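Here's the structure we're looking at; comments come further down.
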Amino acid sequence: MSSPARHQSSAGGQDIPHARTTSTFVGMPKFPAMAKEALANTQQRHNLNHATHTIRAKRAEVVDEVPDWEALRVDGAGTKDRVLADLDTYLLQLEDNLTRAGATVHWARDADEANRIVVDLVRAQQVEEVVKVKSMATQEIELNEALEAAGISAWETDLAELIVQLGHDRPSHILVPAIHRNRSEIREIFRAEMGKVGKPAPDDLTDDPARLADAARLHLREKFLRAKVAVSGTNFAIADTGTLVVLESEGNGRMCLTLPETLISVVGIEKVLPTWDDLGTFMQLLPRSSTGERMNPYTSTWTGVTPGDGPQEVHVVLLDNGRTSVLADEVGRQALRCIRCSACLNVCPVYERAGGHAYGSVYPGPIGAVLTPQLRGTGSKVDQSLPYASSLCGACFDVCPVRIEIPKLLVRLRTQVVDEHRGGAPSAEAVSMKAAAWMFADHRRLEKAQQAVTASSRLFGRRTSLENLPWPATSWSTARNAPAPPRETFRQWWLRTHGEDA
Amino acid sequence: MTRVALFATCFNDTMWPQTPQATVRLLERLGVTVDFPAAQTCCGQMFTNTGYADEAIPLVRSFIDVFGSYDAVVAPSGSCTGSVRDQYADLAARAGDPGLAADVAQMTPRVHELSEYLVDVLGVTDVGAYFPHRVTYHPTCHSLRMLRVGDRPLRLLRAVKGIDLVELPGAEECCGFGGTFAMKNADTSVAMGGDKVRHIRETEAEVVVAGDNSCLAHIGGLLDRQRSGVRSMHLAEVLASTEEEPA
Ligand code: SF4
C-alpha cells in the first residue's frame, strides 16, 4: 500500500522515516540492569504487585460477564485490521470530514515535525501555558519538553499524570502512570510541589484518597479556568464523520476539551475507525479491559467546531512517527491494533516485577516490548534488549482485547535483533548457538556430547543437585541449584532395554 | 495395534532420562508400541525463541525426516510440542520452502503432548497409577496457553490411586523459566520463581508436578537451594508409578 502520510506518498519504502530515539531515554541501561534496580525497590514492588493484582481480578470478573467476549475480540481485531490494510483511504476520509466540520488538519512525519506544529499553534495564541489531557502520543514525541523549550508550560490534568509531573518522575504504566507510587508518597509530592507551580496543597492534607483527589481538583481548577489552549490525545478518530473520541475516568479531560478556546489534538494515525458504528465494539472492549469497568465514566466526542459552544479553533495533528514502517510489516503491523488498554501490563509477570521504567519508553510492559523497538528500530542497546524482556508465557495475548499475538511478535523481533548482528564479530552467545546447532544437526554428534555429560556424572557421586556452576551458567546458579547429570542418557537406556539385541 | 513414536526431547534425553523412561513404561503398560527413532535430536525451540531462526530451520527439516512417517508422535514436554505445533510453520515460511511448509502442515497435528495423547488419542484418564503422596500441579505456560491442554493433566492426576492432590495458588502464573530468559533476565526470573515456590510451599505438598522438565529445573532448583524438601517430578513419572514400581 502507499504510505498514508501525504507528503511522503512518493516514498518507496526506502526513506520511510523512523522514529528517533528520543532524548529522555537515550543511553538508558538495558532492560536486565534496569529491572534489577527496580527489583531492589521493595516498596515499588509491593505497590505494583498490589495494583496489578487488584485490577487484574476486576478485569477478569467483568470480562467473564460478557458471554460473547471472544466474538467481540475477533470483531475488534478485524475492524482494526481492516483500517490498517487501507489506512491511507481512511485517513484521507478522516481529513476531509474533519476539515468540513471546521477543524484544521496537520500531518506530522515525526516527533520534531509534530512538536513544531503544536508549538507554533500555541505561540499563535500568545499564551504561555496549556492544559493537557493524558495523551501517550504527546509523551511519545516529548511534547512537554518541546513546549518548555519554547517557554510554554504544559500542565497535565489527569490525576496520575499530575502526580508524575509534580514528582519530576516518568510514567510507568499506560493507564495508571503513577502506579509505582502509593498514597503516602503522593501526599508528600503534593505537599512539596503543588505550591511551586500553582495552588498549594492544604496544610492538613492526609493520604486519604478522597482528600488527595480534592487537593488535585482545587489545584487543577485554577488551571482549567485560566487556560486558553488545551492539548489532547484521542482514543478513536472516526473517519466517516470526522469525530474524535476521548475516554477517561475523572472528567478532567472533559474540562480540557470544552473550556479552552483552542484545542489541539495529537492523533496517532492508527487511531482511525471507519464508522461511528464500529465504536460500539470498542466501547465494550476498552473499559472492561483497562479499568475493569462495565461502562466508561466520561466519554467525550467532538466533531470539528460548533459555533458558540466549546473550542472555536480545533486542530488535529495526525502523527506518523514510525507507524508507517510498522505498517510495512504484514505480521508486525498487528501491534498497531493496540487500543492502549493496558490489560497486558496488568497480567504480565515481568512487568509486575520490573516496573514500567525498566522498559525505557513511554510504552512499557508487553506491548511496549513490542511496539517500542518496532517504532524506534532495534539500533540501541535498550531496544535490542526489550524483545527479550519476556518469558513468553502468553498471558498478554489471552487478555488483549484486540488479539495481538505479542509472544509471536517478540520472537520475531528477537530474530530481527539476531539477524542484524549476523556478519559482524559474533557474540559469545552466537558462537555457542552455532556450536549447539552443529551438534544437534546429527544425532551422532549429540551422542558424543552426551558421553561427556554422563562421564562427568562420576564427579558428583550421589549428589542429585549442584550449587555452583562454572561460567556461563553462573547466572543460573546464583539462586538455583542445577540437576546433577545422569549416569545414563535416555537413548543409552533405550538401547540397553529396547535395542535390537536387547 | 497402537503405535507411537516417542520424541524424548534433547533436554530430557540428556538430563532427565527418567521422564522419557517413565513415558515408555506408561505407554507400554497401556498397550502401546513405542518406537524411539534414534536419529532424533532437538526441536529447535531454544534457537527459535532466542532469535536464531536460521539455526532452527535445519532442525525442522530433520524433525520432519525423523518423524514424518508416523501417525502419532508423543513428547513428554508441553513446550517442545508447542514449538513444533506453533512455530514450525513460521520457520518453514522463513525458509521460503513450500515443500517444507507442506510437510510441516501435514506433520504438526500428529504431534501430541503426553496428556493430550493419553486423553484425546487413547481416550483414557485412569492410567492405573498409584502414587500415595501430597501433590500440587503447576500448569506450565506453554501447555496452558500455547497448547491449551486445559484440565487434561489434572483429570489424569485425579484418577491416580492414593494421591492427595492440592490446588496451587496462582497456578496459572509463569514460574519465570522462559528458556534463555532464565539466564538473560536472571534477576526477574528468580523473582518470579520465588513467588511460585512460595505458593508451592504454602500447599505443604511433598511433590510439585508439571509437564515440562525445563520449568521444573527452575522451580526444583529454587526449592533445592532453599532445602525445602519438596520434590519436583514430571507428570509422566507420577502416571507411570505403580504399587509394584513406585516412583
Ligand atoms: S496490546 Fe492489547 S492488551 Fe496490551 S495495551 Fe494494547 S490492546 Fe491492551
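The structure displayed is predicted, hence computed values, not measured ones. Throughout, protein chains are lettered first and strands after them, A, B, ... in sequence-line order, and every chain is numbered starting at 1.
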| query | Which heavy-atom pair separates T188(B) from V350(A) by the least distance, and what is that distance? | reply | CG2-CG1, 4.0 Å

| query | Between C141(B), C175(B), G221(B), which residue shows the highest count of heavy-atom pairs closer than 4.5 Å to chain A? | reply | G221(B)

| request: Under 4.5 Å, counting heavy-atom pairs only, tell me which of T14(B), L222(B), T180(B), T19(B) racks up the most with chain A. | output: T14(B)

| field | Residue A182(B) versus chain A: region with a heavy atom under 4.5 Å | value | both

| remark: Closest heavy-atom pair, F181(B) versus S390(A), reported as atoms and distance to 0.1 Å, is CD1-O, 3.2 Å

| note | Per-residue tally against chain B (heavy atom, under 4.5 Å) across Q450(A), E488(A), K408(A) peaks at Q450(A)

| query | If you draw a 6.0 Å radius around NZ in K184(B), do more than 12 non-hydrogen atoms from other residues or ligands fall strictly inside? | reply | yes

| So which bits of residues 35-57 of chain B come within less than 4.5 Å of chain A, counting non-hydrogen atoms only? | D35(B), F36(B), A38(B), A39(B), Q40(B), T41(B), C42(B), M46(B), F47(B), T48(B), N49(B), T50(B), G51(B), Y52(B), A53(B), D54(B), E55(B)

| Proximal component of S62(B), with respect to chain A [non-hydrogen, under 4.5 Å] | neither

| So, R480(A) versus S189(B): side-chain donor-acceptor pair below 3.5 Å or not? | yes

| Who among A395(A), A35(A), A354(A) has the most heavy-atom pairs with chain B under 4.5 Å? | A395(A)

| Contacting moiety of E447(A), where chain B heavy atoms sit under 4.5 Å | side chain

| request: Spell out, as yes or no, whether a donor-acceptor pair under 3.5 Å connects the side chain of R225(B) to the backbone of S477(A). | output: yes

| message | Treating N185(B) as the side-chain partner and Y388(A) as the backbone partner, does any N or O pair qualify as donor plus acceptor under 3.5 Å? | response | yes

| task | Can you tell which part of A484(A) gets under 4.5 Å to a heavy atom of chain B, answering side chain, backbone, both or neither? | result | backbone

| query | Is atom CD of E330(A) surrounded by more than 12 heavy atoms (other residues, nucleotides or ligands) closer than 6.0 Å? | reply | no

| So what's closer than 4.5 Å to chain B heavy atoms on L392(A): side chain, backbone, both or neither? | both

| request: Please flag which part of L59(B) lies under 4.5 Å from any non-hydrogen atom of chain A: side chain, backbone, both or neither. | output: side chain

| Just wondering, more than 12 heavy atoms not from H53(A) lying within 6.0 Å of its NE2? | yes

| message | Give the interface residues of residues 79-89 of chain B toward chain A, defined by a heavy-atom separation under 4.5 Å. | response | Q87(B)

| remark: Bottom line for R94(B): the part with an atom under 4.5 Å from chain A's heavy atoms is side chain

| note | Among V66(B), L223(B), V34(B), the residue with the most heavy-atom pairs under 4.5 Å to chain A is V34(B)

| Can you find a pair of side-chain heavy atoms, one from H498(A) and one from V24(B), that are under 4.5 Å apart? | yes

| task | Let me know if P58(B) has heavy atoms under 4.5 Å from chain A in its side chain, its backbone, both or neither. | result | neither

| Could you state the interatomic distance from CG (L144(B)) to CG (D398(A)), rounded to the nearest 0.5 Å? | 7.5 Å

| message | With a 4.5 angstrom heavy-atom cut-off, is it the side chain or the backbone of R491(A) that approaches chain B, or both, or neither? | response | both

| message | Please determine whether the number of non-hydrogen atoms from other residues, nucleotides or ligands lying under 6.0 Å from atom CZ of R445(A) exceeds 12. | response | yes

| request: Return the minimal non-hydrogen interatomic distance between P483(A) and M15(B), and the atom names on each side. | output: O-CE, 3.6 Å

| remark: Of T9(B), N12(B), D13(B), T23(B), the one forming a side-chain contact (heavy atoms from CB on, under 4.5 Å) with F490(A) is D13(B)

| said: Counting only non-hydrogen atoms closer than 4.5 Å, does R45(A) touch chain B with its backbone (N, CA, C, O), its side chain (CB onward), both, or neither? | reply: side chain

| note | Turns out that what part of D419(A) lies under 4.5 Å from chain B's heavy atoms comes down to side chain

| request: Kindly compute the distance separating CD (E173(B)) from CD (E352(A)), expressed to the nearest 0.5 Å. | output: 6.0 Å

| request: Can you establish whether the number of heavy atoms outside R227(B) located under 6.0 Å from its atom CZ is more than 12? | output: no

| Contact part of A430(A) toward chain B, heavy-atom cut-off under 4.5 Å: side chain, backbone, both or neither? | both

| message | Does E202(B), at its CD atom, have more than 12 non-hydrogen atoms belonging to other residues, nucleotides or ligands within less than 6.0 Å? | response | yes

| note | Per-residue tally against chain A (heavy atom, under 4.5 Å) across E28(B), R61(B), E172(B) peaks at E28(B)

| request: List the atom of A217(B), the atom of W476(A), and the distance in Å for their closest heavy-atom pair. | output: O-CZ2, 3.7 Å

| Would D195(B) and R353(A) count as a side chain to side chain contact (heavy atoms under 4.5 Å, CB included) if you check the C-alpha gap in whole Å, the side-chain angles of each, and the deciding distance to 0.1 Å? | CA-CA 11 Å; D195(B) 288 340; R353(A) 271 87 182 180; 2.5 Å; yes

| query | What's the shortest heavy-atom distance between R145(B) and C393(A), and which atoms? | reply | NE-O, 2.7 Å

| message | Shorter than 4.5 Å, heavy atoms on both sides: which option in R422(A), K434(A), R444(A) has the most such pairs with chain B? | response | R422(A)

| Close side-chain approach of T497(A) and Q21(B), heavy atoms under 4.5 Å | no

